[in-house]
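Heavy-atom basis, side chains included; hydrogens, waters and symmetry copies ignored.
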Amino acid sequence: MSSKVRVRFAPSPTGALHIGGVRTALFNYLFAKKHGGDFILRIEDTDQKRYVKGAEAYIVNSLAWLGFPFDEGPSKDGGFGPYRQSERKDIYKRYAMQLLAQGKAYYAFDTAEELDAHRKDHEAKGKTFIYNWHNREKLENSLKLDEASVQHRLENKDAFVIRFKTPKDRVLKMQDVVRGTIDIDCNTLDDKVLFKSDGMPTYHLANIVDDHLMQISHVIRGEEWLPSLALHILLYEAFEWKAPIFAHLPLIMKPVGKGKLSKRDGDKLGFPVFPIAWESSLGYREEGYFPEAVVNFLALLGWNAGDDKEIYSMSELIEAFSLERVNKSGARFDPEKNKWFNQKYLQTKDNKALAAAFQRYLDEKGVETDKDLEQIIEMIKERASFVKDFWQLGHYFFQAPKSYDAKASKKQWKEQTPTLMQAVIDLLQSQEDFKSAKIETAIKTYIQENGLGFGAVMAPLRLSLVGALQGPHVFDILEILGKEESIIRIEKAISQLS
C-alpha cells in the first residue's frame, strides 16, 4: 500500500447524485487535498440491471460544477484504471478463484426457491434464516457436495454464486476514525455472496479488490456501509492485504423529524436535493445557488472546525478539515440555512458578474432593457439571496406599474396629492442634470419652502414609480428610470388614482 493519501468516491450510475453523495465526495476531496493526495472517481456499475444511461456523465458534470473535479477516473487515467467496474470483470474472477482455492470461499448452488423455503420454515419456527456456519454444510454447496458433484454442476452450467466462508467463533475488533472501536461477533454474520455465475462480482468483492489495487489509503463513506465493514475487514485478512483506514460519515437527516433526507422531502418542502437538474427535478444550479455556497453549507453538515466560523473558501475548508472532527450523530438538513449561505455569497459577488447572470435571466423572461444593471443591482442586492430575486426586488425598473397597492393608495393618495405630484413633474421637467442628488435637492427644497410634510410628497411619489411602498432610495429610482419615464409614470398615477 502506498504511503500517499489516496481516496475514492465510488457512486453507482443508477440515477442522480443525491446531496448525501455529494457531501461524501466533498469530504473525500477535502481530506485528499489537505494531505497532498489524490481524489479518485470510480464508477461502481456491477449492478447492470439498475444502470441508468447518462448517470455517469451527470456525476462527472456535478463534481465539475461544484468545483472539486477528480484527479483520476474515467477519461483521466492515473495508471490504476480502468475506473469502471464493468471493465474489470476478469480481475474480480481471478481473486474469487483465489479465495476458492484457499478454502476461504465456496460454490453455492441453492436456488432462490430453495432459499425461500428455508426462510419460511425458519419463520414458522420463530427463527431467522442466516446462511452461515450454522447451516452451510447442510445446504447445496461445495462444502457439502463432493468434488465430482461440484465439477458436474459447473460443467452443466448450473447457476451458482461464490460465498465467503465467514470465520466462526470469533469477535472481530474494528477501528473507525469517526466511530472508534467496533466489536462484532462473527457468528452473527452471514456468508455473503462475492461472485455470481453471470461473471459479475457483488459490490463487496469488487470494492475490496479495487481499493487494494488502486492503493486506496482511506475509505471515507456514508454510515449506511457500516454493516458491511466486518465483511470488508475479513476479506482484507483473507487476501492477506493491509486494510485502509475507515471513516463512516453520519447521515444527512430530514429538515423535520427523524429519518434520512430523501428526494421526497425536497419535493414536499420545495428545495433541491440534487446538484444539477435530473429529469423533472431541478438542481441547485438551476435554482440559482452558487456552487461555493452549496459546498460551504454541505461541509458544515456533520463537521466543524471547533469554532463559530461559518463562511469558508475551498482553500480554507481544505486547511481546516479533519476526519477527527466529523460528528457521529446525523446532521439535520436546514433549507433556510442553505439559502442563508447563498445570500452571504451573493453579497460578496462582483456586480459585473451578477449583472451578466441577471441579464441571462431577463433574456429568458423576454425583457429588453438598456438600463445599467450593475447600478440597479448595487441598490437592491442587500435583500437578495438569489440572482432571480433581483426581479422581485426591482421589476419596476423594467416595467411600469400596472396597478397600485390598494392599502398604500388609500392611505397615501389624498385630495391634494394630484396637485403635489404635478408640482413634482414640473420640477423634474426643469432638471437638466437628472442625477439622484440634484433631484433630491430640488424636491426637498420644494417641500421645505411650501411647509409640506415629507410623507405627503415622498410616499405618493414612490407609489407612482413603483406601484407599492417598496424599493431603494426614491431619487436613485428616478435617476435610473430617467426623466421621460419618471414623468410618464407619475402622470399615469395621477390619472388612475385621482
Side-chain angles (χ1 to χ4, degrees), residues 288 351 354-355 357-431 433-444 446-447 452-498:
N351 286 343
L354 292 173
F358 187 43
Q359 181 65 63
R360 290 192 293 274
Y361 179 86
L362 293 175
D363 291 343
E364 287 171 14
K365 285 185 73 70
V367 176
E368 294 182 12
T369 182
D370 57 359
K371 302 280 194 301
D372 186 337
L373 296 184
E374 289 183 48
Q375 193 177 354
I376 292 171
I377 286 167
E378 181 58 37
M379 291 158 60
I380 62 176
K381 71 188 276 189
E382 191 178 334
R383 294 180 58 210
S385 296
F386 301 94
V387 168
K388 63 186 176 186
D389 292 347
F390 294 152
W391 177 256
Q392 182 192 346
L393 294 167
H395 58 88
Y396 46 85
F397 285 114
F398 313 101
Q399 293 179 343
K402 291 188 172 69
S403 61
Y404 302 89
D405 181 270
K407 190 176 177 183
S409 302
K410 187 175 181 182
K411 185 177 180 182
Q412 304 296 342
W413 201 272
K414 304 186 187 306
E415 192 177 336
Q416 79 276 23
T417 301
T419 304
L420 296 176
M421 290 302 98
Q422 188 56 56
V424 170
I425 289 173
D426 295 340
L427 282 169
L428 297 179
Q429 289 278 24
S430 65
Q431 288 299 308
D433 184 359
F434 209 75
K435 295 291 183 191
S436 176
K438 296 281 187 182
I439 303 166
E440 183 173 0
T441 300
I443 291 179
K444 285 186 174 178
Y446 165 76
I447 290 170
L452 301 168
F454 273 85
V457 175
M458 301 307 293
L461 175 56
R462 182 178 293 278
L463 193 62
S464 303
L465 300 172
V466 176
L469 298 181
Q470 69 176 75
H473 198 46
V474 73
F475 303 108
D476 291 345
I477 297 174
L478 284 163
E479 180 183 329
I480 295 280
L481 292 177
K483 183 188 290 188
E484 186 181 348
E485 175 68 15
S486 298
I487 290 169
I488 289 171
R489 291 193 185 191
I490 300 168
E491 286 175 339
K492 182 182 174 186
I494 293 171
S495 169
Q496 291 199 7
L497 292 173
S498 300

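Considering Ile490, Leu497, Ile494 in turn, Ile494 is the only one that fulfils the side-chain contact (heavy atoms from CB on, under 4.5 Å) rule with Pro418.
A salt bridge links Glu485 with Arg489: the closest approach of a Lys/Arg side-chain nitrogen to an acidic carboxylate oxygen falls below 4.0 angstrom.
A donor-acceptor pair under 3.5 Å is formed between the side chain of Lys492 and the backbone N or O of Pro401. When atom types are taken as modelled, the side chain of Lys483 and the backbone of Gln429 share a donor-acceptor pair closer than 3.5 angstrom. Counting only distance, with no hydrogens or angles, the side chain of Ser464 and the backbone of Pro460 share a donor-acceptor pair below 3.5 Å.
Across every non-hydrogen atom of Glu479 and Ile439, the tightest pair is N-CD1, 4.3 Å. For the residue pair Lys402 and Gln399, the shortest heavy atom distance occurs at NZ-OE1, 4.5 Å. Minimum interatomic distance between Leu427 and Ala442 (heavy atoms only, all atoms of both residues): CD1-O, 4.1 Å. Smallest separation of non-hydrogen atoms from Ser385 and Asp389: N-OD2, 2.9 Å. The two residues Leu393 and Gln470 make their nearest non-hydrogen contact at O-NE2, 4.2 Å. Shown here for Pro472 and Met379, the closest heavy-atom pair between the two residues is CG-CE, 3.5 Å.
Going from atom CZ of Phe434 over to atom CG of Leu428 covers 4.5 Å, rounded to the nearest 0.5 Å. Of the inter-residue distances, the one linking Leu478 atom CG with Lys438 atom NZ reads 16.0 Å to the nearest 0.5 angstrom.
Residues Phe475 and Met458 are in side-chain contact: their nearest non-hydrogen atoms beyond the backbone lie under 4.5 Å apart. Side-chain contact check for Ile425 versus Gln422: some heavy-atom pair is nearer than 4.5 Å. Using a 4.5 Å heavy-atom cutoff, the side chains of Phe390 and Tyr361 are not in contact. Residues Met421 and Trp413 have side chains in contact (heavy-atom distance under 4.5 Å, counting atoms from C-beta outward). Counting only heavy atoms from C-beta outward, the side chains of Val387 and Arg360 never approach each other to under 4.5 Å. Within the 4.5 Å cutoff, no side-chain heavy atoms of Tyr396 are placed close to those of Leu465. At least one side-chain heavy atom of Val424 sits less than 4.5 Å from a side-chain heavy atom of Val457. Considering only heavy atoms from C-beta on, Leu420 stays 4.5 Å or farther from Lys414 through its side chain.
The neighbour count for Glu368 CD, taken as heavy atoms of other residues, nucleotides or ligands under 6.0 Å away, does not exceed 12. The 12-atom threshold is not exceeded at CD of Glu382, counting heavy atoms of other residues, nucleotides or ligands nearer than 6.0 Å.
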Please step through side chain to side chain contact (heavy atoms under 4.5 Å, CB included) for the pair Arg462 and Ile477, ending with a clear verdict.
-> CA-CA 9 Å; Arg462 182 178 293 278; Ile477 297 174; 3.9 Å; yes

Starting from the C-alpha separation in whole Å, work towards a yes-or-no answer on side chain to side chain contact (heavy atoms under 4.5 Å, CB included) for Ile443 and Leu461.
-> CA-CA 11 Å; Ile443 291 179; Leu461 175 56; 4.2 Å; yes

Mind running side chain to side chain contact (heavy atoms under 4.5 Å, CB included) on Lys371 and Leu481 for me, showing each step along the way?
-> CA-CA 8 Å; Lys371 302 280 194 301; Leu481 292 177; 4.3 Å; yes

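For Glu415, there are no side-chain contact (heavy atoms from CB on, under 4.5 Å) partners two or more places apart in sequence or in a different chain.
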